[in-house]
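For ligands, and for the atoms within them, numbers begin at 1 and follow the listed sequence.
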Amino acid sequence: MIITNSTEHMQELTAIVRKNKTIGFVPTMGALHQGHLSLVKLAMERCDFTVVSIFVNPKQFNNPEDFKNYPRTQEADTNLLSEVGVNLVFIPSEKEIYPAPDTRVFDFGETGNVMEGLHRPGHFNGVAQVVTRLFNIVNPTMAFFGEKDFQQLAIIKLLVDQIDLPIQIVSCPIVREYDGLAMSSRNRLLNNNQRMHVPLIARTLFEAKEKMEYVGVTDLSKWVKDTIDADPELKTEYAEIVNAKTLQPIITWDDANNIQLCVAVHANTIRLIDNIRLK
Ligand code: PAF
């Protein structure tokens, strides 16, 4: 496994590989877990050559404390990637990714203005800045993103369409812990007590799916919020039932063919997101 910090080196290597191989790319911010590894394994199955990037992108954090506290476990990450057989790992510095200030402004219309877009101003612009930059450096055939970041996935698909990039975006199912908790790098920031409470988030989503047959949309999203908020360790930021394609809120179950329930929940300062397909 080759590890490089240099954009120039990456571009040289991927240009050679691209001549006769497909490249599968998994962009990450590190603190890798089985969720990331499921993306890596799929990339390895679907492509000839697999590239993983590890870069905690400051531009997508709307809260400086969150950026500062984001877990960084580079040595463990590279060990894991080498064990699974990744070909190339890119671990750039901020200067390598942003040699000059990135002032680009992206517009994802209404898809970018709800849920994460609404509650984390500038977040998706930062994601788009780094992802376009990484795509440009890696030049992948396919790029793999997890469905836990459901809105991010929709935004990346929009981005690729908007700027007409010849990259296939592959979505990968959420990987959960034994008790349902969606795997996330942020889970390792939870203390023991919080860790005992957070599985309620996934349990509530699973139960909501069972309930939708008997309850209207507004009542169900209220029930989700109330159920999670009844736990003194948890506070819902949003619980939205949306059209899975446009991410716009729906009012009745007939408003869309595919419907997603998405939540963001705080366990004190740790913010977790999760979602489930209802229909
Ligand atoms: O999902 C993430 O880890 C990040 O948002 C990404 C796609 C690596 C961009 O920094």
Side-chain angles (χ1 to χ4, degrees), residues 7 10 23-40 42-43 50-64 66-74 76-78 80-81 86 88-98 102 104 106 108 111-112 115-117 119-138 140 142-160 163 165 167-175 182-189 247 262 264 270-275:
T7 300
M10 272 301 289
I23 299 182
F25 177 44
V26 182
T28 81
M29 298 207 296
L32 302 182
H33 48 68
Q34 289 303 320
H36 292 113
L37 293 188
S38 73
L39 310 190
V40 170
L42 192 60
T50 305
V51 179
V52 176
S53 65
I54 300 176
F55 177 63
V56 186
N57 171 35
K59 306 274 277 182
Q60 70 186 76
F61 285 82
N62 54 316
N63 172 350
D66 190 23
F67 174 62
K68 200 176 103 211
N69 295 333
Y70 198 84
R72 289 157 172 91
T73 58
Q74 194 174 303
D77 291 348
T78 47
L80 271 177
L81 295 175
V86 165
L88 177 56
V89 181
F90 182 41
I91 312 182
S93 65
E94 198 177 327
K95 262 248 135 343
E96 286 289 321
I97 291 290
Y98 302 114
D102 191 340
R104 289 174 299 161
F106 295 83
F108 301 111
T111 309
M115 300 191 289
E116 295 301 286
H119 291 273
R120 302 183 67 189
H123 169 64
F124 286 128
N125 205 63
V127 170
Q129 287 176 337
V130 77
V131 168
T132 46
R133 180 91 184 106
L134 289 166
F135 280 176
N136 193 26
I137 296 167
V138 178
M142 296 182 197
F144 297 77
F145 291 85
E147 285 170 5
K148 185 183 74 70
D149 294 289
F150 191 77
Q151 192 174 7
Q152 170 172 279
L153 187 57
I155 294 283
I156 302 287
K157 285 182 179 160
L158 267 180
L159 177 68
V160 163
I163 54 177
L165 289 175
I167 301 173
Q168 189 186 333
I169 303 301
V170 182
S171 59
C172 308
I174 297 177
V175 179
M183 288 201 184
S184 161
S185 302
R186 287 191 167 86
N187 290 354
R188 58 181 89 203
L189 300 173
L247 303 190
C262 303
I270 302 150
R271 185 177 184 278
L272 302 175
I273 58 173
D274 199 350
N275 67 83

### Query
Using 30° and 60° as the class limits, which term best fits the ring planes of H36 and H33: parallel, tilted or perpendicular?
tilted
### Task
Give the residue, atom name and distance (to 0.1 Å) of the protein heavy atom nearest atom 1 (O) of ligand 1.
Q152 NE2, 2.8 Å
### Message
Within 45 degrees of the ring normal and closer than 6.0 Å to the centroid, is that where the cationic atom of R72 sits relative to F67?
### Response
yes
### Task
Could you check atom 3 (O) of ligand 1 against the protein and tell me its nearest heavy-atom contact, residue, atom and distance included?
M29 CG, 3.7 Å
### Query
With atoms numbered from 1 as shown, which atoms in ligand 1 lie under 4.0 angstrom from a non-hydrogen atom of Q60?
4 (C), 5 (O), 9 (C), 10 (O)
### Message
Quick check: F61 with Y70 (ring centres under 6.0 Å apart)?
### Response
yes
### Message
At under 4.0 Å between heavy atoms, is it the side chain or the backbone of T28 that contacts ligand 1, or both, or neither?
### Response
backbone
### Message
Please list, in number order, the atoms of ligand 1 under 4.0 Å from a heavy atom of V130.
### Response
9 (C), 10 (O)
### Task
Kindly give the heavy-atom pair with the smallest separation between A264 and I273, and that separation in Å.
CB-CG2, 3.8 Å
### Query
With side chains defined as the heavy atoms from C-beta onward, is the minimum distance between I156 and V131 less than 4.5 Å?
yes
